[in-house]
Amino acid sequence: LVNSVTPIDEEYVDVRFSFRVKKLHDADITKGVGAAFVAEVSRQLEEDIPIWENKRFVENPVLCDGDGPIGTIRRYYAQFYA
């Protein structure tokens, strides 16, 4: 599974998935496994829509100890933004 999410504007993103399924002895079973995997990923993606619809940008969000090294990661990625 490879996925990419590309922001289009403040409201929309482009979401793409690429799947690879191991070829099984029976082509119909292989196809069924692939279809089941796609269906499950689609289901999970749809469950996240309410979260995305209510996201908002917070310039300096409050972090807690359990958040891990997010501050370090943010400082690293900041170099790539204008």
Side-chain angles (χ1 to χ4, degrees):
L1 166 67
V2 176
N3 69 356
S4 68
V5 180
T6 305
I8 302 300
D9 57 29
E10 291 183 16
E11 188 173 349
Y12 296 99
V13 297
D14 180 58
V15 180
R16 294 175 184 251
F17 289 92
S18 295
F19 302 92
R20 187 169 184 174
V21 178
K22 182 179 179 179
K23 188 174 185 178
L24 302 171
H25 298 293
D26 184 305
D28 289 336
I29 293 174
T30 301
K31 186 176 180 180
V33 168
F37 190 74
V38 168
E40 177 60 17
V41 170
S42 297
R43 183 192 67 77
Q44 291 178 25
L45 188 65
E46 288 178 16
E47 284 184 352
D48 289 344
I49 290 173
I51 295 168
W52 296 337
E53 290 177 336
N54 293 288
K55 278 180 72 170
R56 63 185 176 89
F57 178 78
V58 177
E59 184 72 36
N60 292 304
V62 176
L63 301 175
C64 66
D65 292 339
D67 288 333
I70 292 175
T72 303
I73 293 167
R74 286 184 179 153
R75 283 188 294 279
Y76 171 77
Y77 283 112
Q79 68 182 318
F80 302 107
Y81 292 100

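- Within a 6.0 Å radius of CG in Asp9, more than 12 heavy atoms belonging to other residues, nucleotides or ligands are found.
- Looking only at distances, a side-chain donor or acceptor of Asp67 sits under 3.5 Å from a matching main-chain atom of Cys64.
- The structure places OG1 of Thr6 at 5.5 Å from CG of Asp14, a figure rounded to the nearest 0.5 Å.
- Shown are Tyr76, Tyr81, Tyr77; of these, the side chain to side chain contact (heavy atoms under 4.5 Å, CB included) with Gln79 is made only by Tyr76.
- Clustering ILVMFWY residues whenever any of their side-chain heavy atoms sit less than 4.5 angstrom apart, transitively, puts Leu1 in the very cluster that holds Val15.
- Taken together through direct or relayed side-chain contacts under 4.5 Å among Ile, Leu, Val, Met, Phe, Trp and Tyr, Ile49 and Phe17 form part of one hydrophobic cluster.
- Residue pairs meeting the ring-ring contact (aromatic ring centres under 6.0 Å, His included) criterion with at least one partner in residues 31-62, sequence neighbours excluded, are Phe19-Phe37.
- Under the 4.5 Å side-chain contact rule for hydrophobic residues, Val5 and Leu45 share a cluster.
- Under a hydrophobic-cluster definition in which Ile, Leu, Val, Met, Phe, Trp and Tyr are linked whenever side-chain heavy atoms come within less than 4.5 Å, directly or via other members, Ile70 and Val62 are assigned to different clusters.
- Linking Ile, Leu, Val, Met, Phe, Trp and Tyr whenever their side-chain heavy atoms come within less than 4.5 Å puts Val41 and Val13 in one cluster.
- The existence of a salt bridge linking Arg43 and Glu46 is excluded, since no basic side-chain nitrogen approaches an acidic carboxylate oxygen closer than 4.0 Å.
- Counting only distance, with no hydrogens or angles, the side chain of Thr30 and the backbone of Lys23 share no donor-acceptor pair below 3.5 Å.
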